[in-house]
Amino acid sequence: MSGENRKLGLIGATSAYLVWGFLPIFWKMFGKAGGWEVVAHRVVWSLLVMLLLLVIFKKFHKFKETFHYFAEQKQYAICLTLAAAFAGVNWWINIYGVNSNQVVELGIGMFLTPLISVFLGVLFYKEKLPPLKWASILLAFLGLLIMVFQLGRIPWIAVGVSSTWAIYGALKKKIKVDPWISNTIESGLMLPLALVYIFTLNHVGTSHFFSGNPAEDLTWVLVSTGVITTIPMVAFSYAALNLPLNVLGFCMYINPILTLLVGIFIFKEPFNTEQLLPLSFIWSSIILFLFSESRALAARR
């Protein structure tokens, strides 16, 4: 890997996580629209953007080959369909969390994603963990239990946003396809449901797309979801191809940190000892995990 590619990969990862970290500000613009309406439009417009990019970068022939391959390999087709479903649910939780004023809980949940991914690696891919990494997972679980005790309920937004994205990643690991191609196919798989939902909303008169009411119309904001959500995916895909996983994993924490700060300082959501205590356990688990990983890397040198 050349130094130039590594530098561009780092720029791609940083750019992607910066956009995702500030994305709650964008989702706040959809307060009048339901989360599933936004997800449906995101599917349609991101698919069009991805197809255009595949043509520009001369990857469309590879997209067609991969699509036909998945049509013949039912196991991979099922995995990709499930990945698309979990991605759609993850987007909905993000949008709902923002517009129900629970961005702080979203941010806390995002810190759990890498640790849940590690656990899924053990569960489904038989990956081995040293004691320190098991201890880090236990600390994160204790942090989650504290949240449950404090709230008197399961913090489903935190659990949902982290687990759906971790499961999505685990499914994509099994498929092992160019992320540009797989992301396009995912949107294609969701397209029929998205179109049915959009046309149903239009038919019953609750659509915010060319609604005819200037106070309710969100047409161009809905269209913009294609670019706003696709560009960071492209940047992330480039980063994944040009960065070591340990560097890419470290960059991942930009997203929850920014989301948490957006919730606290921009949306003025409460953040006190009640939120800090479970988060301190989760942060401690991340530090312990990174310490264990650095020891393993040093031992291999």
Side-chain angles (χ1 to χ4, degrees), residues 1-20 23 26 38-91 117 164-165 167-195 198 222-245 247-249 251-252 254-255:
M1 183 186 302
S2 72
E4 186 63 26
N5 281 352
R6 187 184 178 101
K7 180 180 177 181
L8 290 173
L10 190 58
I11 291 171
T14 305
S15 300
Y17 285 122
L18 281 173
V19 172
W20 284 330
L23 209 52
F26 178 65
V38 181
V39 171
H41 278 277
R42 188 260 170 187
V43 168
V44 173
W45 304 113
S46 64
L47 176 60
L48 292 176
V49 172
M50 285 302 299
L51 289 172
L52 179 62
L53 289 173
L54 290 177
V55 171
I56 292 172
F57 291 102
K58 300 179 180 178
K59 287 177 174 274
F60 193 76
H61 67 286
K62 190 176 180 181
F63 164 73
K64 290 194 294 184
E65 290 172 2
T66 307
F67 186 84
H68 290 307
Y69 174 76
F70 279 144
E72 296 170 359
Q73 302 292 324
K74 302 301 181 186
Q75 180 184 356
Y76 291 123
I78 291 170
C79 276
L80 197 58
T81 302
L82 286 173
F86 277 104
V89 174
N90 182 269
W91 285 108
S117 295
T164 52
W165 195 250
I167 294 170
Y168 171 78
L171 289 166
K172 293 293 287 285
K173 179 179 174 66
K174 189 174 182 64
I175 297 165
K176 293 179 181 177
V177 174
D178 181 330
W180 286 46
I181 306 297
S182 62
N183 287 336
T184 307
I185 296 176
E186 285 168 33
S187 294
L189 289 169
M190 290 189 282
L191 183 65
L193 283 175
L195 289 175
I198 290 169
L222 288 167
V223 171
S224 71
T225 58
V227 174
I228 297 294
T229 62
T230 300
I231 296 303
M233 287 298 291
V234 172
F236 177 78
S237 299
Y238 189 83
L241 295 173
N242 291 282
L243 282 180
L245 279 177
V247 177
L248 191 63
C251 291
M252 182 184 295
I254 296 172
N255 187 359

What closest approach, in Å, do Thr225 and Leu222 show between heavy atoms, and which atom pair accounts for it? OG1-O, 2.5 Å
Measure the shortest side-chain to side-chain distance between Leu82 and Ile78 over non-hydrogen atoms and say whether it is less than 4.5 angstrom. yes
Quick one: pull up OG1 in Thr81 and CE in Met190 and give me the separation to the nearest 0.5 Å. 10.0 Å
Do you know which two heavy atoms are closest between Ala239 and Gly9, and how far apart they sit? CB-O, 3.2 Å
Of all heavy-atom pairs between Glu186 and Ala84, which one has the smallest distance, and what is that distance? O-CB, 3.8 Å
Would you give the length of the straight line joining atom OG1 of Thr184 to atom CG of Leu52, rounded to the nearest 0.5 angstrom? 11.0 Å
Within the side chain of Thr14, is there an N or O that forms a donor-acceptor pair under 3.5 Å with the backbone of Ile11? no
Taking the side chain as every heavy atom from C-beta outward, state whether Asp178 and Lys59 have any pair of such atoms under 4.5 Å apart. yes
Which pair of non-hydrogen atoms, one from Asn183 and one from Ser237, has the smallest distance, and what is that distance? ND2-OG, 4.0 Å
Looking only at heavy atoms, the pair that brings Tyr168 and Ala83 closest together is CD1-O, 3.1 Å
Any donor-acceptor pair under 3.5 Å from Lys74 side chain to Ala71 backbone: yes
Heavy-atom neighbours of Phe26 CZ exceed 12 at 6.0 Å: yes
Lys64 side, atom NZ; Thr66 side, atom OG1 - distance, nearest 0.5 Å: 11.5 Å
For residues Val19 and Ile231, determine if any side-chain heavy atom of one lies less than 4.5 Å from a side-chain heavy atom of the other. no
Which of parallel (below 30°), tilted (30 to 60°) and perpendicular (above 60°) describes Phe60 and Phe63? tilted
Find out whether Leu23 and Ile228 are in side-chain contact, i.e. whether some heavy atom of one side chain is under 4.5 Å from a heavy atom of the other. yes
Taking the side chain as C-beta and beyond, is there a heavy-atom pair between Leu54 and Ile181 under 4.5 Å? yes
Rounded to the nearest 0.5 Å, what separates atom CE in Met233 from atom CH2 in Trp180? 11.5 Å
To check you understand the geometry: which heavy-atom pair defines the closest contact between Thr229 and Ser46, and what is its length? OG1-CB, 4.2 Å
Taking the six-membered ring for Trp, are the ring centroids of Phe70 and Phe67 within less than 6.0 Å of each other? no
Does Val223 reach the side chain of His41, with side-chain heavy atoms less than 4.5 Å apart? no
Side chain to side chain, Leu53 and Thr230, heavy atoms closer than 4.5 Å: yes
Is any side-chain heavy atom of Met50 closer than 4.5 Å to a side-chain heavy atom of Ser187? no
Using the ring of each side chain (for Trp, its six-membered ring), is Phe236 parallel, tilted or perpendicular to Trp20, with breaks at 30° and 60°? tilted
